[in-house]
Structures are given as C-alpha cells and as structure tokens.
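Being a predicted model, the structure only gives us computed values, none of them experimental. Computed over heavy atoms, backbone and side chain alike; hydrogens, waters and symmetry mates excluded. Chain letters run A, B, ... following the sequence lines, proteins first and then strands; every chain starts at 1.
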2 protein chains.
Amino acid sequence: MDLPGQVNCETCRIRSCAVEVLDHQELQILKTNCAGAVYKKNERIFQQGSLCSNITYVKTGLIKIHKNGPSKDQILKLVKPPRFIGIPTVLGDKINHYSATALMPTTVCFIVTGIFKTLIMRNGKFANEVINSLCQDELTFYDRSINQMQKQIHGRLADALLFLADEIFLSDSFELPLSRSDLGDYIHATRESVTRTLSRMKSDGLIQMQGRLITLADKEMLVRISKLG
Amino acid sequence: MDLPGQVNCETCRIRSCAVEVLDHQELQILKTNCAGAVYKKNERIFQQGSLCSNITYVKTGLIKIHKNGPSKDQILKLVKPPRFIGIPTVLGDKINHYSATALMPTTVCFIVTGIFKTLIMRNGKFANEVINSLCQDELTFYDRSINQMQKQIHGRLADALLFLADEIFLSDSFELPLSRSDLGDYIHATRESVTRTLSRMKSDGLIQMQGRLITLADKEMLVRISKLG
DNA sequence: GTCAGGATATGATTTATATCACATTTGTAG
DNA sequence: CTACAAATGTGATATAAATCATATCCTGAC
C-alpha cells in the first residue's frame with residue numbers, strides 16, 4: 001500500500017453521486033477527514049474480522065469482496081469503481097464482516113466513519129444517494145445469488161466472462177485479473193472445474209486464450225449459455 | 001387482502017426504529033400517507049415485475065421474499081416483522097424486482113414512496129436508521145448466501161429449522177409455515193430431498209414431527225450439523 | 001542459465017443430490 | 001361422506017461436479 005497523502009475532494013474528478021450533492025462546507029469537512037491510498041495487485045485493503053473506522057471509496061482499479069464460509073473463502077462480488085464499500089461496517093460492531101483485496105492496481109479513499117454518518121444526518125440528498133447505492137447493490141446481489149444457485153458451471157462461467165467483458169473492461173478481449181482458483185471462488189466451483197470448463201469453451205470456439213489474455217469469440221453463444229443456465 | 005382503513009402512526013405500537021425518530025409533524029405526514037392491510041396465508045403482497053409506488057412495512061406475521069430464477073422460483077429470505085421491505089423499489093424503475101407472499105396471517109402498512117423519500121431528505125436520523133436496516137439486511141444475506149452455497153442439504157435444512165425456532169417462533173416447537181416445496185425453494189433443494197432429509201432427521205431423533213408440528217428434539221446436534229455444513 | 005514453488009491441465013473415481021416414477025396421505029369442495 | 005386435487009413419501013436411476021492423483025507449465029530468484 002502506498003499513501004499518496006492528502007486528497008482534495010473539491011477538485012476530485014472521480015466523485016460518487018453521493019459526494020456530488022455535498023455543498024462547499026460539507027466538501028471541506030470531507031476533505032479533512034479523507035485519506036487516499038494505492039494498492040498493488042493482490043494487496044489486502046481490509047480484512048474480515050478486523051476493527052474498522054473507515055468507509056472505503058474505490059476510485060480506480062478492481063477489487064474483490066470475499067468472505068470465509070464454512071468450508072472455504074468465497075468471492076461475494078467484484079466491485080467496479082467508483083463505489084463505496086464497507087458501508088455496513090458503520091453499524092454497531094465496527095468489525096469488517098468481509099475482506100476486500102485489490103485484483104489490479106487500485107486507488108481508494110478512506111473516509112472516517114463518523115464523518116460519513118455526519119454527512120448522512122446533515123444532508124438528506126447525500127443520505128438518499130447512499131440509500132440508492134445500497135439498494136442497487138442489494139438487487140444486483142439477489143440476481144447474482146439466484147444465478148449462482150440455479151445455473152450450472154457453464155452458465156456461471158459464461159456469466160463471469162460476460163460480466164468482466166461488459167461491466168469491467170468494456171471490451172471482449174481482456175487480461176483475466178483472476179487466477180483459476182479465484183475464478184472458482186467467484187463462481188463457486190473448484191479450480192479443476194474452472195480449468196475444464198474454460199478448456200471446453202476454448203475447444204468449442206466460444207473463447208480464445210493466450211496466457212492471461214481472454215477473448216470472447218462467440219458472444220452470442222455465451223449469452224445463450226448464460227441464459228440457459 | 002383486507003383493508004382495515006386508516007392507521008394511526010402516532011399511537012402505533014409496532015413502529016420501526018426509523019419511524020421512532022420522527023417528530024410530531026413528520027408522524028402526521030406519515031399518518032396521512034400510510035394505509036394498513038391484512039393478508040391471509042399464501043396471499044401475494046406484491047408481485048415481481050409489477051409497478052409499485054409503496055414501501056411495505058411488515059408489522060406482524062411472516063412473509064417470504066421470492067424471485068424467479070433461470071429454472072425456478074427461489075425464496076431469497078423469510079422476513080420477520082417488524083421490517084421494511086421493498087425499499088430498493090424507491091429506485092429508478094419503480095418495478096418490483098421480487099415478490100412478497102404471506103406465509104401466515106400478516107399485517108402490513110404501505111407508505112407512499114415519495115413520502116418515504118421526503119422523510120429521508122428531511123430527517124437525517126430517519127435516513128440513518130434506514131441505512132442501518134439496509135446494511136443489516138446486506139450482512140445477513142451475505143451470510144445466508146455463503147451458507148447456502150457451501151453447506152450440503154443437512155446443514156442447510158438444520159439452518160432453516162434453527163432459524164425458524166430461534167428467530168421466528170422463539171420456541172423449539174412450532175407449526176411449519178412452509179410446505180416441503182417451499183422449504184425446498186428456501187434452502188435450494190428439491191421437494192423430495194427435503195422430505196428425505198426431514199425423515200432422516202426424524203429417525204435420527206433430531207426432530208419430532210406430527211403433521212405440521214415440528215419439535216427440535218436435539219438442538220445441540222442440529223447446531224453441530226449446521227456448523228459442519 | 002537452473003531451480004523451486006506456484007499455477008494450471010487432465011484423467012479416473014466418487015458422491016451428493018437431482019430426476020423420474022409411482023404410492024400414499026391429506027385437505028377440501030360438493 | 002365422497003371424490004378429486006394437492007401435498008407428501010419413497011425407491012431406482014442418472015448426472016454434475018467434487019475429489020484424488022499426477023503431470024506439465026510458468027515465473028521469478030539466484
């Protein structure tokens with residue numbers, strides 16, 4: 001982790017919808033209680049179980065939110081910036097209920113929890129935007145959760161690849177930011193099953209692979225596989 | 001559905017934490033934009049895909065939140081009152097992204113979405129309580145989601161029984177409010193597997209069953225099964 | 001370069017649970 | 001009470017994916 005020192009929220013160009021509605025004075029409050037940080041690939045941003053007094057705002061990069069389950073670690077979601085994460089930690093216990101780890105070089109801002117709460121109390125529009133964001137997360141996670149449960153590996157993997165292409169990289173060709181093992185934790189499959197399914201997709205001409213570089217060759221078919229489950 | 005007419009939020013004894021922080025004037029606003037309703041078992045409260053202009057506050061009873069998946073309907077969660085549901089619908093499209101159905105006789109209040117938003121904007125404490133509630137939902141759902149994915153049927157069913165006993169009925173003996181089929185949709189299993197697993201638990205002396213009445217006979221063991229997965 | 005440790009590939013086997021097929025019970029409308 | 005539909009129980013079979021066991025491929029350190 002690298003600390004680039006003080007940030008300036010007033011001139012920041014990657015502001016969230018929520019911060020966008022703050023007035024001059026509120027931005028000043030935010031600015032003096034906000035610190036930036038830079039993370040390299042695979043660096044932990046915060047750790048499940050540890051005490052936490054900050055909300056994290058992911059500005060650039062890509063992170064995974066993951067959590068220990070009864071038998072293994074599971075990736076709950078990949079978070080594409082810009083996005084607040086860890087808001088649930090404002091709750092009573094102030095303990096992180098999940099971990100966050102950078103999958104690519106990532107920049108974040110930490111906002112002191114108390115200040116975040118103050119802004120919610122003080123500015124209704126801010127609160128409203130935060131609520132919108134939480135609601136959107138909820139709906140997205142419901143969808144993902146149902147897909148994970150009901151689709152079989154081909155469908156889940158197709159989902160993941162389409163998500164990476166369409167939501168994260170905005171290109172049908174990208175460097176896979178996850179290892180086979182991580183991909184498995186993300187789509188709830190074993191490393192071996194991921195390998196097998198990717199190989200199958202390659203030999204079926206759905207994707208191309210050269211090392212980490214993946215190209216979605218037959219997107220129509222991938223969408224169909226995703227829909228069929 | 002039965003409409004008992006006007007409600008009085010000022011004298012209501014089943015108020016949420018959020019409504020608790022409203023002042024006299026705000027309670028008046030709420031009162032005039034809030035309608036009560038009563039549902040019988042298996043009545044639909046709102047339907048996925050339909051337009052919706054209300055937040056639902058579940059006062060008494062028990063409801064299931066369920067959603068169509070690629071292959072079948074799935075119960076996302078059982079909601080124990082008092083609780084707001086459908087807050088995500090305040091978002092852009094105003095379309096329900098899931099259905100809610102009463103599992104027992106249930107009373108609810110509908111609050112016009114616009115008023116809900118007004119209260120958020122106007123009263124920071126209210127907004128804060130709503131955020132707390134959403135965050136709590138999020139964490140609970142993460143836990144449930146991971147358990148569903150990683151535990152096998154015995155563990156998932158034990159979870160469900162313990163949840164019903166400890167969270168819903170506050171008793172180790174209760175009338176099962178879900179059919180085998182519903183239970184299956186809740187723990188992501190087939191009707192047949194639920195039957196088989198319940199029979200097994202009965203013959204192992206973990207539970208007793210007389211018709212709909214279930215008694216958790218060996219709770220220690222159920223907890224152990226739940227933990228082991 | 002070489003070497004070691006991690007990541008990936010791939011085949012054989014096992015297993016949990018779905019699916020299918022049918023029997024039995026329960027609830028309910030007439 | 002009767003009858004019919006819905007809910008539940010139970011066995012046989014199929015199957016997706018995990019697990020186990022190696023083998024091969026990278027990648028970075030020295």
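To the nearest angstrom, P of dA7(C) lies 14 Å from CG of Leu176(A). Atom CD in Glu192(A) sits about 14 Å away from atom P in dT22(D), given to the nearest Å. A straight line from CG of Asp182(B) to C1' of dA7(D) spans 12 Å, rounded to a whole angstrom. The distance between atom CG of Leu178(A) and atom P of dG6(C), rounded to the nearest whole Å, is 20 Å. Spacing between atom CD1 of Ile153(B) and atom P of dA17(D) amounts to 16 Å, rounded to whole angstrom units. Going from atom CG of Asp185(B) over to atom P of dA7(D) covers 12 Å, rounded to whole Å. Going from atom CG of Leu198(A) over to atom C1' of dC25(D) covers 16 Å, rounded to whole Å. dA18(C) atom P lies 12 Å from atom CD of Gln74(B), rounded to whole Å.
Side-chain atoms of Thr113(A) come within 3.5 Å of backbone N or O of Asn54(A) as a donor-acceptor pair.
For Arg191(A) against dT10(C), a side-chain-to-base donor-acceptor contact under 3.5 Å is absent.
The pair Arg83(B)-Asp137(B) meets the salt-bridge criterion, with a side-chain N (NZ, NE, NH1 or NH2) lying under 4.0 Å from an Asp/Glu carboxylate O.
Ser179(B) comes within 4.0 angstrom of the backbone, heavy atoms only, and of no base. Nucleic acid contact for His188(B): sugar-phosphate only, since backbone atoms but no base atoms lie under 4.0 Å from a heavy atom of the residue. Using a 4.0 Å heavy-atom distance criterion, Arg200(B) is classed as making no nucleic acid contact.
The 5' end of DNA chain D is approached more closely, in terms of each residue's nearest nucleotide, by Thr195(B) than by the other of Arg156(A) and Thr195(B).
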Query raised in the report: How far apart are the C-alpha atoms of Arg180(A) and Asp185(A), what are their side-chain angles, what is the distance that settles it, and do they pass the salt bridge (charged side-chain N to carboxylate O under 4.0 Å, His left out) test?
Result: CA-CA 9 Å; Arg180(A) 298 290 184 273; Asp185(A) 292 345; over 6 Å; no
Query raised in the report: When you look at Lys67(B) and Asp143(A), which way does the salt bridge (charged side-chain N to carboxylate O under 4.0 Å, His left out) test go after all the steps?
Result: CA-CA 9 Å; Lys67(B) 187 170 165 72; Asp143(A) 278 332; 3.2 Å; yes
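Aromatic ring orientation, Tyr186(A) versus Phe163(A): tilted (interplanar angle from 30° to 60°).
At the phosphate of dT27(D), neither OP1 nor OP2 sits under 4.0 Å from any side-chain N or O atom of Arg212(A). An OP1 or OP2 oxygen of dG9(D) is reached within less than 4.0 angstrom by no side-chain nitrogen or oxygen of Ser199(B). Close to dA18(D), at under 4.0 Å from its OP1 or OP2, lies a side-chain N or O of Ser193(A).
The Arg196(A) side chain lies nearest to dG11(C) when the options are dT8(D), dT17(C), dG11(C).
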